[in-house]
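Report on one structure; see the data block that follows.
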Amino acid sequence: MKDKVKNAVLKFGMIKELPCKITVALSGGADSVALLYSLWFLKDELQIELSACHVNHNLRGDESDGDEMFVRRMCRLLDIPLYVRNIKVLDYVSKHESVELVARKIRYDFFSELGADRLIATAHTASDNCETVLINLIRGTALSGMCGIPPKRDNIIRPLIDCTREDIENFCKEYSLPYVTDSTNLSTDYTRNKLRINIIPELKKINPSLVTSISRMSQSVALDDLYLDDIAKRELEKARKDGKYSVLALQSLDECILRRAVAMIFDENDIPIGSLALANAVQIIRDGKGKINPCQYKFLQIRKKYLSVITDTEKFRRN
């Protein structure tokens with residue numbers, strides 16, 4: 001498995017400069033423990049200054065505290081620095097928010113606070129990628145959803161992205177590595193767990209190499225997705241003038257490129273990217289006229305053959 005980790009780091013260009021600081025997001029589970037030890041074994045060869053971080057979400061009472069203690073002991077044993085964030089996630093969950101999404105936001109905010117001078121290594125595996133792709137397909141997805149989990153994004157790297165869950169289990173067994181088990185991983189109340197426990201074993205009866213096959217597909221699709229994004233970026237720049245966009249230039253684009261260009265306009269203006277809002281924006285561009293309100297305070301309108309994004313807080317105050 002160490003070879004798979006090393007090859008993934010090199011293949012996906014996870015490390016740009018040597019030596020480099022890598023902080024492992026360490027939950028204490030088998031995946032993150034395997035990630036920590038594999039990088040620890042490779043730290044001299046890859047010139048890594050290794051550390052770890054842990055978030056205690058306080059969602060499982062004594063079990064959460066036990067995970068934190070376990071992680072602290074492991075880092076003392078390896079003599080590496082550990083950064084801990086102890087936070088009660090439920091205090092930050094508001095109506096209509098899922099605990100999982102709030103916990104994820106807290107984790108990634110913590111990663112950002114650790115500093116841009118380091119890489120954050122998360123323990124996402126090929127098996128996680130398989131589950132993600134299947135979830136996206138079940139819910140309905142565009143090409144981007146079939147790309148799965150990116151091996152690298154900004155300063156987040158995923159050295160285990162070519163490793164299967166079986167690789168992790170064998171690695172932990174080979175080196176007698178202890179790890180903790182999150183009891184919620186055994187519950188089929190969650191979609192991902194239901195897929196992992198009930199659905200994927202059935203799919204593996206059809207294709208025993210399911211995880212590897214989906215990894216290969218998602219990496220291939222990611223290259224296509226990146227190519228189409230590059231085209232959309234270039235066309236959007238051609239259409240841009242004084243903070244507005246030429247409707248005629250946008251109308252000349254193929255549908256898939258236009259949708260990507262509109263999604264980029266949304267992203268540049270902090271507008272949530274939803275399928276209905278995207279469809280409405282594309283429609284007024286095709287019509288050459290109109291105005292839509294994709295989210296609070298934000299409007300897209302077409303005047304004199306140019307599309308512009310307007311922020312109008314006063315309109316919402318009046319209402």
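For Phe41 and Tyr175, the gap between ring centers is short of 6.0 Å.
Residue Arg303 places its CZ atom among 12 or fewer non-hydrogen atoms of other residues, nucleotides or ligands, all under 6.0 Å distant. Annotation for Lys6: atom NZ does not count as buried by contact number, only 12 or fewer foreign heavy atoms lying within 6.0 Å. Counted within 6.0 Å of NZ on Lys244, heavy atoms from surrounding residues, nucleotides or ligands total 12 or fewer; the atom is thus considered open. In Arg104, the CZ atom is not crowded: 12 or fewer heavy atoms of neighbouring residues, nucleotides or ligands sit closer than 6.0 Å. For CG of Asp62, the number of neighbouring non-hydrogen atoms (other residues, nucleotides, ligands) closer than 6.0 Å is 12 at most. Counting non-hydrogen atoms of other residues, nucleotides and ligands closer than 6.0 Å to CG of Asp79 gives a total of 12 or fewer. Within 6.0 Å of OH on Tyr179 lie no more than 12 heavy atoms contributed by other residues, nucleotides or ligands.
In this model, no donor atom of one side chain and acceptor atom of the other lie less than 3.5 Å apart for Asp162 and Asn7. The closest side-chain donor-acceptor pair between Asp67 and Ser64, if any, does not fall under 3.5 angstrom. At a cut-off of 3.5 Å, with distance as the only test, a side-chain donor of Asp167 or Thr164 sits close to an acceptor on the other residue. With 3.5 Å as the limit, one finds a donor-acceptor pair spanning the side chains of Arg192 and Thr132. A donor atom on one side chain and an acceptor atom on the other are not found under 3.5 Å apart for Asn198 and Glu202. A side-chain donor-acceptor contact under 3.5 Å links Asn207 and Ser213. Side-chain atoms of Lys241 and Ser246 form no donor-acceptor pair, as typed in the model, at a separation below 3.5 Å.
The side chain to side chain contact (heavy atoms under 4.5 Å, CB included) with Ile22 is formed by just one residue from the set Leu39, Ile120, Leu46, Leu42; it is Leu39. Among the candidates Leu35, Val5, Leu177, the single residue satisfying the side chain to side chain contact (heavy atoms under 4.5 Å, CB included) test with Phe171 is Leu177.
Between atom CD of residue Glu235 and atom CE of residue Met264 there is a gap of 11.0 Å, rounded to the nearest 0.5 Å. Here the OG atom belonging to Ser144 is positioned 5.5 Å from the CG atom belonging to Asp225, to the nearest 0.5 angstrom. Note: Leu258 CG to Glu255 CD = 6.0 Å, rounded to the nearest 0.5 Å. Rounding to the nearest 0.5 Å gives a distance of 8.5 Å between CG of Asp128 and CZ of Arg196. In this structure, His54 NE2 and Phe70 CZ are separated by 10.5 Å, a value rounded to the nearest 0.5 Å. In this structure, NZ in Lys204 is found 7.0 Å from CD1 in Ile200, a value given to the nearest 0.5 Å.
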Given Arg260 and Ile231, is the side chain to side chain contact (heavy atoms under 4.5 Å, CB included) satisfied, shown in steps?
CA-CA 9 Å; Arg260 287 169 184 269; Ile231 294 174; over 6 Å; no

Show, in sequence, the C-alpha distance, side-chain angles and deciding distance for Lys289 and Val247, and conclude whether the side chain to side chain contact (heavy atoms under 4.5 Å, CB included) test is met.
CA-CA 9 Å; Lys289 61 182 179 180; Val247 172; over 6 Å; no

Could you walk me through whether Tyr245 and Ile285 pass side chain to side chain contact (heavy atoms under 4.5 Å, CB included), step by step?
CA-CA 10 Å; Tyr245 308 90; Ile285 290 169; over 6 Å; no

Would Gln283 and Asp287 count as a side-chain hydrogen bond (donor to acceptor under 3.5 Å, both in side chains) if you check the C-alpha gap in whole Å, the side-chain angles of each, and the deciding distance to 0.1 Å?
CA-CA 6 Å; Gln283 189 60 55; Asp287 292 342; 3.0 Å; yes

Step by step, would you call Arg158 with Ile149 a side chain to side chain contact (heavy atoms under 4.5 Å, CB included)?
CA-CA 9 Å; Arg158 298 176 172 109; Ile149 301 171; 3.3 Å; yes

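Summarising the geometry of Ala281 relative to Leu300, their closest heavy-atom pair is CB-CD2, 4.0 Å, with the distance given to 0.1 Å. Pro159 approaches Thr122 most closely through the heavy-atom pair CD-O, 4.0 Å. Closest non-hydrogen pair, Glu68 versus Asn86, comes out as OE1-ND2, 3.1 Å. When all heavy atoms of Arg165 and Glu131 are compared, the pair lying nearest together is NH1-OE2, 3.0 Å. Closest heavy-atom contact between Asn129 and Cys147: OD1-O, 4.0 Å. Listed here is the closest heavy atom pair of Cys53 and Phe111: SG-CE2, 3.7 Å.
Cluster annotation: Val93 is connected to Ile87 through the hydrophobic network of ILVMFWY side chains, with a link wherever side-chain heavy atoms come within less than 4.5 Å. Using a 4.5 Å cut-off between side-chain heavy atoms of Ile, Leu, Val, Met, Phe, Trp and Tyr, with links allowed through other members, Ile156 and Ile106 fall into the same hydrophobic cluster. Both Leu250 and Ile271 sit in one connected hydrophobic cluster of ILVMFWY residues. Membership requires side-chain heavy atoms under 4.5 Å apart, directly or through other members. Val221 and Leu226 fall into different hydrophobic clusters, where Ile, Leu, Val, Met, Phe, Trp and Tyr side chains are chained together by heavy-atom contacts under 4.5 Å. Both Leu278 and Met146 are part of a single hydrophobic cluster, where members link through side-chain heavy atoms under 4.5 Å apart.
Counting heavy atoms from C-beta on, the side chains of Gln301 and Ile310 come closer than 4.5 Å. Annotation: side chain of Leu50 is in contact with side chain of Leu36 (closest heavy-atom distance under 4.5 Å).
In this structure, Asn155 contributes its side chain and Arg118 its backbone to a donor-acceptor pair below 3.5 Å. The backbone N or O of Met217 lies less than 3.5 Å from no partner atom in the side chain of Ser220, so there is not a single donor-acceptor pair.
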